[in-house]
There are 2 protein chains.
Amino acid sequence: MLKARSRRGGGRPTIADVARLAGVGAITVSRALREPGRVSEELRRQIEAAVEELGYVPDPNARALASARAEVFGVLVPSLTNNVFAEVVRGIYDSLSDGPFRIQLGNTHYSGLEEERLLQLFGSQRPAALIVAGIDQTPASRNLLQNAGCPVVQVMEIGPDPVDMMVGFSHLDGGRRATEHLIEAGYRRIGFIGARMDPRSQRRLAGYRAAMQKACLFDPRLVTTTPVPSSVTLGRELFRDALAKMPTLDGVFCNNDDIALGVLFECHRASISVPTTIGIVGFNDLDMMEVAFPSITSIRTPRYEIGRRAVAMALAAIAGNRPQERVADLGFELKRRESTAR
Amino acid sequence: MLKARSRRGGGRPTIADVARLAGVGAITVSRALREPGRVSEELRRQIEAAVEELGYVPDPNARALASARAEVFGVLVPSLTNNVFAEVVRGIYDSLSDGPFRIQLGNTHYSGLEEERLLQLFGSQRPAALIVAGIDQTPASRNLLQNAGCPVVQVMEIGPDPVDMMVGFSHLDGGRRATEHLIEAGYRRIGFIGARMDPRSQRRLAGYRAAMQKACLFDPRLVTTTPVPSSVTLGRELFRDALAKMPTLDGVFCNNDDIALGVLFECHRASISVPTTIGIVGFNDLDMMEVAFPSITSIRTPRYEIGRRAVAMALAAIAGNRPQERVADLGFELKRRESTAR
DNA sequence: GCGTCCGTTGGTAGCGCTACCATCTTCATC
DNA sequence: GATGAAGATGGTAGCGCTACCAACGGACGC
């Protein structure tokens, strides 16, 4: 009976309270909030005043339930501490912070199974869009993405067969470019050092290999990799291994900048001169690469921009105008620095 | 009429479909999923089979609406790219990935106003718990937290007046300890270099100041700070400024490890010997500190553990047994390394 | 003057789930 | 064998919101 008292939900104002105070129907309040243009100037003002007075905030759960569509972007990345993905996520947050959309972030820990589990979970929320890192989803994941009933953007990489849309760059070309640069700079016994070896690292390695083979310099003993997660410490250790295996090494292309930094520190420690004795190239071009001594050559990747662009594409698709080009290649840039200037 | 066909929501199975297939009432399915112990072995098996067959996933929105409580942890951090908060967030994700809880992550960009806005937004979702970084909320934010109707954990710092619970350590003590270490090591003209200067950095500075004053070494010209966000590049620049202002500098306590790394690189570049001419201490003890050459003394902070502990405390509170001690001090540890070993 | 269209507003009926209470069994107790 | 307690199950009535359709009034064309 006493309807107004019997609320389960702690008595925060509902749309009906606003409607009563403004002297209009609930549905008009709903419209005023979502499509202000379709409500007369006068009522809109009254409603806004009532919203203000009551401190009304719409319940996103009720909204999602009634409209069969949550104002949520699902975002799936393999790591939260890897600066590269943190930058992508930052780009996404920055692009979405103005609008009505919330973000549901999932950490796959580089696991396909975990990705499937999260996709299943996210799908149950009927998100407005999904942004997933990488292009190597399992068949089950691809299927979930295809049937998600919302725009999907695969980010970080590009490939021939987008589920829906893609934003990224070619890691293979990046690896190739880095290696070519070392070759052009006169290095010959160029090693590849890589940790984690996720699909993107694999493709960078493939690029390295292609460049080395083309120059008739490839030797499998030049490649040192491990599935262990990347770190500066690990960079140093892998470099030691590489050097032990191949003492004539005169250059290294590193999987990423953490590894490159570890290599640089180990060179200092072992009094190996950079770039004279060893040339170093990193990947991603984190802030510290430029400041390091000597500064480290790296492939600059547009992480933040990828996040922004992914959101822009998804938003366009939601608005009904999917971009003509479903795959956006944002490229990369070789930053030449002291570590390869011999 | 044709109820089964008229679904708005794209025809994914509902709890009623599962109930029909299993030959039980909908509420029993609901119970079997949430409190399996309260449903008989036999029905539970039938229900599980039906769930499996239909690929049923409960709709979290409907759940939240009906129970007036969403299975969501709201998490508010000032930055996503700062490795320190990324680690805290990782701890939170790792602790929560097994259970039913989702995570709603908000980025305050170090802004009190943005924090209020997000708290308002998160509150409207009736989260199961809120985890917020820092202890310097605006009065409005504190108020929102107090009235959130769920456990609240303030993380990263500890202080005398928790909204509900706290997990962290004393940044003031950390700053003091770092500075005392430099003094003990024989350094005298010890500078403080800090970027961003958020409240935690301010307290580290206060700790530095206390130690310096106690040793009668304090001089305001030794302090170099900027509100600009921290970076390795900035560390180098601030160090140059500090040195220009005070050429007799023989040690620096850095706000954080990025700054410390920038200082180290600038020392290399300017051929200033570390630790002989200049001693360096960082803060947080990122992975790279140990590998750097020379390795850098730093204050190790338990970021990941803070995330895990915050979740544990929140979960306990949700289960009805709030911990006796509302404030958990996880401490810190001084890691002595080559950069202060003179 | 009448019908038609459009813009504005409101009522009704759910969205998928769970809180609450009612019902029905079973089993121990006296 | 009656009584009650405890456990298992189900029905009903919403949670707060929006999709859908109806109603209304005024502008417009013929």
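Every chain is numbered from 1 and lettered A, B, ... according to where its sequence line falls, protein lines coming before strand lines.
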(message) What is the separation between atom CZ on A:Arg63 and atom P on C:dG16, rounded to the nearest whole Å?
(response) 19 Å
(request) Check whether any side-chain N or O of A:Ser30 sits under 4.0 Å from OP1 or OP2 of D:dC17, and answer yes or no. (result) no
(message) With a 4.5 Å cut-off on side-chain heavy atoms, are A:Leu33 and A:Arg63 touching?
(response) yes
(message) Can you identify which nucleotide, out of D:dG10, C:dG16, D:dC17, has its nearest atom closest to the A:Ile15 side chain?
(response) D:dC17
(request) Starting at atom CG of A:Leu33, determine the distance to atom P of D:dT18, rounded to an integer number of angstrom. (result) 8 Å
(request) Strictly below 4.0 Å, heavy-atom distances to any atom of DNA chain C: list the hits from residues 37-62 of chain B, or just say none. (result) B:Tyr56, B:Pro58, B:Asp59, B:Ala62
(message) How close do A:Phe85 and A:Ser79 get, counting heavy atoms only, and between which atoms?
(response) CB-O, 3.4 Å
(request) Quickly work out the A:Arg20 CZ to C:dG10 C1' distance and round it to whole Å. (result) 15 Å
(request) For A:Arg69 and C:dG16, give me the distance from atom CZ to atom P, rounded to whole Å. (result) 13 Å
(message) On the nucleotide C:dG10, are OP1 or OP2 found under 4.0 Å from the side-chain N or O atoms that A:Thr28 carries?
(response) yes
(message) What is the separation between atom CD on A:Glu71 and atom C1' on C:dC15, rounded to the nearest whole Å?
(response) 16 Å
(request) Give a yes or no answer on whether the side chain of B:Arg34 reaches the backbone of B:Ser30 with a donor-acceptor pair at less than 3.5 Å. (result) yes
(request) Tell me which nucleotide among C:dC17, C:dT18, C:dG10 gets nearest to the side chain of B:Thr14. (result) C:dC17
(request) Look at B:Arg34 and C:dA19 and indicate whether a side-chain polar atom (N or O) is within less than 4.0 Å of OP1 or OP2. (result) yes
(request) Kindly give the heavy-atom pair with the smallest separation between A:Gly112 and A:Thr138, and that separation in Å. (result) CA-CG2, 4.2 Å
(request) Can you tell me the distance, in whole Å, between the CD atom of A:Gln125 and the C1' atom of C:dC17? (result) 15 Å
(message) For B:Ser97 and A:Asn107: C-alpha separation, side-chain torsions, deciding distance, then whether side chain to side chain contact (heavy atoms under 4.5 Å, CB included) applies.
(response) CA-CA 9 Å; B:Ser97 62; A:Asn107 182 355; over 6 Å; no
(message) Give me the atom names and distance for the closest heavy-atom approach of B:Leu144 to B:Gln120.
(response) CD2-OE1, 3.8 Å
(message) From C-beta outward on A:Leu65, which listed nucleotide comes closest to its side chain: C:dG16, C:dG10, C:dA19?
(response) C:dG16
(request) Among D:dT9, D:dG11, D:dT18, find the nucleotide with the atom closest to the side chain of B:Ile27. (result) D:dG11
(message) Can you tell me which nucleotide in D:dC20, C:dA19, C:dG16 comes closest to the side chain of A:Arg31?
(response) D:dC20
(request) Would you indicate whether the side-chain heavy atoms of A:Val84 and A:Met156 approach each other to under 4.5 Å? (result) yes
